[in-house]
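Quick notes on the structure that follows.
By convention in this document, chain letters (A, B, ...) are assigned in the order of the sequence lines, proteins followed by strands, and residues within each chain are numbered from 1.
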Number of protein chains: 2
Amino acid sequence: MQTILVIDDDESLRDTIGVMLEQEGFRAVLVEDGRQGFEKALLLKPDLMLVDLRLPGMSGVEICKQLRAAQFQTPIIVLSAIGDEVDKVLLLEIGADDYVVKPFGSRELLARIRALLRRTSPDAHKVFHFGDTEIDLDRRVVLRSGEELKVTPAEYNLLTYFLQNPDRPLTRDMILNSVWGYQSFPNTRTVDAHVVKLRQKLEPDPNIPRYFLTVHGVGYRFVP
Amino acid sequence: MQTILVIDDDESLRDTIGVMLEQEGFRAVLVEDGRQGFEKALLLKPDLMLVDLRLPGMSGVEICKQLRAAQFQTPIIVLSAIGDEVDKVLLLEIGADDYVVKPFGSRELLARIRALLRRTSPDAHKVFHFGDTEIDLDRRVVLRSGEELKVTPAEYNLLTYFLQNPDRPLTRDMILNSVWGYQSFPNTRTVDAHVVKLRQKLEPDPNIPRYFLTVHGVGYRFVP
DNA sequence: GGAGAACGTTTACATTTTGTTAACAGGCAG
DNA sequence: CTGCCTGTTAACAAAATGTAAACGTTCTCC
């Protein structure tokens with residue numbers, strides 16, 4: 001899920017934007033103060049920022065400049081009040097990517113956000129590779145030699161857990177805790193059954209595991 | 001030629017705007033009453049609307065809200081009387097794109113109209129395609145092999161949400177939030193019922209979905 | 001204003017898909 | 001060799017989904 005940081009001192013506008021963003025499937029983080037917003041940006045590394053030009057604490061212009069100076073690539077949309085003379089050249093200079101003038105329609109803002117994300121994040125598309133297998137986390141799809149493969153929820157969850165913990169031996173308990181959660185208590189043998197299924201679907205030769213290795217007496221290890 | 005619908009109860013203002021618009025090469029349609037204006041909008045599908053906030057019959061706020069709820073994308077400029085406290089947030093919420101305060105100069109209004117048309121027109125004539133289906137967002141029409149298809153409001157909203165989020169698995173909660181809004185809480189099974197209906201209307205073989213895929217344990221995925 | 005249609009929602013049931021476990025076979029390490 | 005550990009499969013249980021029908025509400029048209 002993509003995170004959007006909103007820095008604006010108008011509380012009701014902030015909330016409205018927040019609600020809208022969450023309806024549209026984004027995670028919205030709302031900040032009132034300029035300086036706090038700047039620090040939040042450094043910590044949070046959001047996928048996109050909406051920044052009011054005039055802010056208490058630290059102006060939107062300053063925020064943009066300093067973030068860019070710190071080599072932050074986060075795309076930024078500037079929100080400017082209706083009276084402000086918006087100088088496009090200035091915006092370019094400070095490293096803003098787009099701007100909208102208040103009052104703006106929510107559809108317009110959303111369209112700008114989507115357009116900017118599309119423009120800037122072809123590489124945000126996170127795809128894992130190993131062998132002839134490809135896992136697209138955004139689309140929640142597993143491809144083998146380009147062909148889409150059907151995987152069940154349990155298999156998919158197990159697979160992504162392996163992907164995120166390569167090379168490390170993982171005990172069955174660790175796997176159960178992380179993939180199944182603390183609440184359900186299936187048998188540890190359940191893990192084995194699902195590893196078998198992953199091997200059948202993803203190993204060149206399921207009888208001689210190459211990627212999903214057994215660590216005898218411990219658990220399993222994924223080697224990309 | 002672009003059509004602009006003007007909804008305002010002040011007769012002389014209405015006429016002034018009408019004359020000006022026609023001088024500038026627009027087609028102007030003038031309506032006094034709010035409710036009539038709303039209906040006219042549905043019928044006429046104008047390129048842009050000027051809507052007074054306070055109106056007999058149906059307020060400008062209501063008009064905007066209902067049009068947006070019906071997925072009408074027409075850009076709207078709100079005309080507000082000088083006394084009215086114009087709440088930016090309110091405008092955002094109801095889906096207005098801009099506003100001008102009476103009394104306004106004709107050049108100012110014209111500039112806003114042109115700016116808004118420019119802002120919104122690149123994606124104005126947005127038509128989605130998949131298979132033998134065509135969806136015209138402006139006209140709010142769904143065609144299958146060129147034939148107009150009847151779709152209910154709920155179906156249409158669901159469909160456009162899918163169109164705008166292709167390839168990505170959408171959970172029932174995400175769908176409910178975005179399509180039904182965060183205030184109403186229908187059963188998640190309601191989503192299923194409507195997906196079935198979409199399939200029946202739009203799939204080559206509703207029994208073997210090709211476009212509206214089930215992601216077991218997650219939700220649905222639209223693959224154009 | 002009332003009858004009927006259209007629509008959204010829920011419910012119930014059938015069906016499909018998935019998860020889990022038991023059982024047995026085979027392998028590994030000491 | 002022997003006692004655990006793992007691989008594998010099939011059967012059963014559980015969960016998720018498909019679907020149609022029923023219900024209540026709103027809208028429409030006389």
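Side-chain contact check for B/Leu143 versus B/Asp136: every heavy-atom pair is 4.5 Å or farther apart. Here the side chains of B/Phe26 and B/Leu117 are in contact, with some heavy-atom distance below 4.5 Å. Considering only heavy atoms from C-beta on, A/Phe222 comes within 4.5 Å of A/Phe130 through its side chain.
Rounded to whole Å, atom C1' of D/dG18 lies 14 Å from atom CD of B/Glu203. Rounded to whole Å, atom P of C/dG19 lies 9 Å from atom CG of A/Asn157. Atom P of nucleotide D/dC27 and atom CG of B/Leu42 are separated by 13 Å, given to the nearest angstrom. For the pair A/Asp192 CG and C/dC24 P, the interatomic distance rounds to 18 Å; values are reported in whole Å. Atom NZ in B/Lys197 sits about 12 Å away from atom P in C/dT10, given to the nearest Å. The interatomic distance linking A/Asn187 (CG) with C/dT21 (C1') rounds to 7 Å, in whole Å. The distance from atom CZ of A/Arg199 to atom C1' of D/dT9 is 15 Å, rounded to the nearest whole Å. Distance A/Tyr220 OH to D/dC5 C1': 10 Å, rounded to the nearest Å.
Just one of B/Tyr161, B/Trp180, B/Tyr156 meets the ring pair (Phe, Tyr, Trp, His ring centres under 6.0 Å) condition when paired with B/His194; it is B/Trp180.
Of the candidates D/dT6, C/dT17, D/dT19, C/dT17 carries the atom nearest the B/His216 side chain, counting heavy atoms from C-beta on. Listed candidates were D/dG7, C/dT9, C/dT21. Nearest to the side chain of A/Pro186 is C/dT21. Checking C/dG19, D/dA16, D/dG18 against every side-chain atom of A/Ala154, the shortest atom distance belongs to C/dG19.
Heavy atoms of B/Val215 sit under 4.0 angstrom from primed sugar atoms or phosphate atoms, though from no base atom. In this structure, A/Thr214 reaches the sugar-phosphate backbone alone: every heavy-atom distance under 4.0 Å involves primed, P, OP1 or OP2 atoms, never a base.
Side-chain nitrogen and oxygen atoms of B/Trp180 include none within less than 4.0 Å of the OP1 or OP2 phosphate oxygen of C/dG8. Under 4.0 angstrom from either OP1 or OP2 of D/dA20 there lies at least one side-chain N or O belonging to B/Gln200. Between A/Arg172 and the phosphate of D/dT6, there is a side-chain N or O to OP1/OP2 separation shorter than 4.0 Å. Residue B/Thr152 has no polar side-chain atom (N or O) positioned under 4.0 Å from OP1 or OP2 of C/dC7.
Of the two residues contacting DNA chain C, namely B/Ala193 and A/Thr188, the nearest-nucleotide position lying further toward the 5' end is that of B/Ala193.
Ion pairing between a basic and an acidic side chain is recognised when a charged N comes within 4.0 Å of a carboxylate O; B/Arg68 and B/Asp97 show such pairing.
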